Amino acid sequence: MLGKHEKQLEDVKGSKVKKWAIVTLAGVIWIAPVMSAGGQMWSGTSWKSVAAAASTNTSKLSEEILTSGAKLMKYRYTTTRSGSKVNVLADVVQVDLQNPYVKLDVMTGKGGNLNSKQSTGAMAKENGAVAAVNGDYFNVSGELAPIGGQVSDGVLVSTPSELSGMYALTVTKDGKPMIDEYSFDGTVKAQDGSTFALRGINKEDYTVESGAVKYSHANSMYIYTPAWTSSKRPNDPSTTPTEVLVQNGVITQISDKKALNMTVPKDGYILRAHGTAATWIMSHLSVGQTLDADYKLKAKTTGQSVDPSNLEMMIGGHTILVNGGKAASFSRDIASSGIGGIRARTAVGYSQDGRYVYIIAAEKNSNSSGMSLTELQSFMTSVGVWKGMNLDGGGSTTMVTRPLGEQTAGLTFNTEYGTEQRQVVNTLGVFSTAPVGKLKGFAVSGSQTLLVGQEGKYTAKGYDTYYNPIATGDISMSWKSSNNSIVSVSNGTIKGVKPGTATLTATSNGASSSIKVSVLGGSELASLTAGSGLGSLQAGTTMSIPVTATTKSGQSVTVPADSLTWEFIGFKGKVTADQLTVSSVNSGAQVGYAIGRYDGYSTVVVLSASASETIWENFENVNYPINFTTNAAGVTGTATVTAGTGEKAGSNVLQLGYDMTAGTGKMYAYAQLNGSTGREVSAAATSMSMDVMGDKSLNWLRAEFTDANGKTVYADLAKAIDWNGWKKLSVDLNGLNIAYPAKLKRVYVVNVEEGQDERAKSGTVAFDNIAFTMPSKSSEVGLPTGTASLVLGQKSMTVNGTKKVIDAAPVLKNGTTYVPIKHVLDAFGGQASWDSKNQRITVLRGGKLIDLVVGQKEFILNGKRQSATVAPYVTGGRTLVPLRLVSEQLGLTVKWEQKTKTVTISS
């Protein structure tokens, strides 16, 4: 999608100014460069040496039939960025053009019309597509027509724009694909035999890149068909139109220097002319006369003329990516727009023999990092693309596919914005043309991932001999697992038993179908989080603790709290259906711990006797200055405390309004608190929350702190403002290493350069009830403070000047000091437990829980997997832990004195 990079251009007369939502310079549309991982710009063939040096690998992960002649394949593409290996997921729909029961076609907006847009999924549902991806680029601030040419179902919907290096895919009615640059050649012929050149069909106004006339509609003539639903053809105030209505080949109306006040009727078309074209109309056309139009497309590479009526479909795109099975030089200067960087990508190409078309989408979401254009080229060649081009990408990238047995297509993967699908003007669809066949089999559907103890629901839906859904009524199924110790089947109930992978097979009437089910183990997790991880230690307290696991591969999984085993320290309680209830509190307890373990992997909820979320600012009695600031020239806005509306009626809120339309580059709109210094957050906070009124701008929302050491710390409030109205946001501050007392300097909106055309440049957000949770105030209550020292080889420990005997001396091994952690906890508070079966030491102190396993360098800190350079070990029946690692994770300071071989610990 192009647009919102706006620059003013004068019209042909020089007297009027029109805004174009396309990056322009000297009348040229620019499309941006790919950025290297280090931020360096590259273009064209200058990438080739870099691409050749990069280590890449493509491996197929899965393959499934969508319909007769089309299948979906998922790949993992591995490449190297800044010296590190990166994995990207990409999805490819392969369409066999020689199969008589499948075809490609282009879907348009709503109801098949221009001047409208709709999500890829909605277009697929409306038109019955088996699969689809988003299509051509378009001007997001314009009249919602594709920039390139389009043929749908053999009908020329829109002609290519006169922009060099913009490629298009065509497929002929006999199934031959071609990717090339296409131009338009057309004429209208009057009854007196005179002719005039047509410039295009169904085009909005734009700036061309060649010829004497730079403005598309100046001194030019265009045809508008019923597919153009707007009553303005186009909405262009810089050229005064003369319009002619032609119905059934006969001129029925002529309007000189004035638009016809109507939409195009179904039985005709409207000629829209200006300047010399309008003069020709008034000289040669009259109402009642016949008028003929003749036009064709021309392929630049071959010089071949193409009759649009011989085409099944045509979709425009952007730069060529692959030619002759190799990465091609980019056909446009991509030095100034928003299609560079690492983004989600959409592309299309075909095989060397022309039999297969490949519809490609590279994912950018929680599971995949996206691709650069150069990486996309590499991937395309690796899966067999002989010639290919780029389609609209970034936040527009959307693929929908119809699983076997299902009636409609659904999202194949999450978009850059989760499950939200961007609305676009056209999409490339895959359609089945097969008749209804006989029942061939059925597809098993259900979760391919289970947790230990979790029950899964699985269903079977029928499909016919052409792999299209077929009604089968109630199917009586029998289920069997390939390994009941991993996935069990009992009385129709399917349950995860222990980590591993098993094949689940359903059988009915002699037919069978299978699905692989993986049961996740604790070793596959990177983090496990229970709610906010914080709570109040009071009898009767009930709190929601939804448990979320993140796997090492980046997948986010919701874990039923009942799938965990829970241990309560400092109180008695229970966990039921994601709710933690405190029944009673142990006498004298200031801190409580609810420890949940999934296959040994721990998460913890720390409850403090006096801890609660405290409102830090509600904007009711603000006695310090708040002002608007920005980083970029041309950005304007306001930051004021004002009366709330709607659900905030009767209270004050901080409102931040911004307008970035005149700015460039990465732009910020700040609501600055207390001048340039910020407002103090006095004590250590583990989390921050606030109510935020969103504007669905998809901009980035952040907060900025200055800590006690003068360090600037950024907290992400929302990667994309994807909602309207009020919403409570919560931010974990634990991993930001903020030194307190700190100051919250500002809250602000960011519009980054990458994909800038996809986000709004103006809007209004508001903030209320900024709150912090500071459990350290209470979780540290009662913990001893002071200094302790140990000497290598000596079974003694001096604590605050008092020497005590210990039963094991510190040991120095490979430059690391090891001790039994019990002695540190005796001196500074906390407790440790030993799980001999799993060789695990669990350490609790204040608001921290650490799990360490003998021989393993990884450890778990408050539910997050961490890496270390050393590991606990066992010697002489004693388990020793790395002193510095554990002590510093518990908030203690460790110093080493080489001369005396003394370790000093302080709190």
Side-chain angles (χ1 to χ4, degrees), residues 531-536 608 610-629 637-658 668-695 697 699-708 712-721 723-736 738-750 763-777:
S532 67
L534 303 165
S536 177
S608 299
S610 59
S612 60
E613 190 175 65
T614 303
I615 296 293
W616 177 82
E617 181 60 85
N618 61 8
F619 302 104
E620 296 305 316
N621 298 290
V622 175
N623 57 4
Y624 53 88
I626 295 177
N627 56 290
F628 175 88
T629 60
T638 58
T640 56
V641 175
T642 185
T645 59
E647 64 184 81
K648 293 292 181 178
S651 64
N652 289 339
V653 301
L654 168 58
Q655 184 171 287
L656 172 62
Y658 58 93
Y668 300 79
Y670 301 111
Q672 198 91 8
L673 306 180
N674 198 25
S676 61
T677 60
R679 183 165 179 254
E680 185 173 272
V681 181
S682 58
T686 55
S687 67
M688 172 177 65
S689 71
M690 65 181 73
D691 298 336
V692 178
M693 185 190 76
D695 57 3
S697 61
N699 288 313
W700 191 6
L701 191 66
R702 306 190 89 190
E704 181 181 322
F705 294 86
T706 303
D707 78 355
T712 298
V713 181
Y714 302 99
D716 288 337
L717 303 176
K719 281 292 188 181
I721 307 173
W723 71 94
N724 282 314
W726 287 95
K727 178 180 180 180
K728 184 173 182 177
L729 303 180
S730 296
V731 182
D732 182 4
L733 302 179
N734 282 304
L736 299 182
I738 300 174
Y740 292 89
K743 291 184 178 180
L744 178 56
K745 185 175 180 180
R746 51 198 180 190
V747 288
Y748 58 103
V749 170
V750 188
T764 301
V765 296
F767 307 88
D768 195 15
N769 294 334
I770 301 177
F772 291 94
T773 300
M774 303 172 181
S776 57
K777 282 185 174 181

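The structure presented is a predicted model; accordingly, all values stated were derived computationally and were not measured.
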Locate the shortest heavy-atom distance separating [X] from [Y]; write the atom from each residue and the value.
| X | Y | result |
| --- | --- | --- |
| W723 | M693 | NE1-C, 4.2 Å |
| L729 | A718 | CD1-CB, 4.5 Å |
| F705 | V681 | CE2-CG2, 4.3 Å |
| V747 | A703 | CG1-CB, 4.2 Å |
| A639 | L656 | CB-CD1, 4.3 Å |
| T677 | N674 | OG1-O, 2.9 Å |

Indicate yes or no: at least one non-hydrogen side-chain atom of [X] is less than 4.5 angstrom from one of [Y].
| X | Y | value |
| --- | --- | --- |
| E620 | N652 | yes |
| I770 | I615 | no |
| D695 | Y658 | yes |
| M690 | V731 | no |
| L744 | E617 | no |

What is the distance from atom [atom1] of [X] to atom [atom2] of [Y], rounded to the nearest 0.5 Å?
| X | Y | atom1 | atom2 | answer |
| --- | --- | --- | --- | --- |
| Y748 | N699 | OH | CG | 13.0 Å |
| L733 | Y740 | CG | OH | 5.0 Å |
| D716 | R702 | CG | CZ | 4.5 Å |
| L717 | W700 | CG | CH2 | 11.0 Å |

Carefully, step by step, assess K745 and Q672 under the rule side chain to side chain contact (heavy atoms under 4.5 Å, CB included). CA-CA 6 Å; K745 185 175 180 180; Q672 198 91 8; 3.4 Å; yes
Regarding Q655 and T642, is there a side-chain donor-to-acceptor distance under 3.5 Å anywhere? no
Would you please say whether a donor-acceptor pair under 3.5 Å links the side chains of E704 and Y668? no
[X] (side chain) donor-acceptor with [Y] (main chain) under 3.5 angstrom:
| X | Y | value |
| --- | --- | --- |
| D768 | V653 | no |
| D707 | I738 | no |
| W616 | E680 | yes |

Look at D691 together with K728 and state whether they make a salt bridge at an N to O cut-off of under 4.0 Å. no
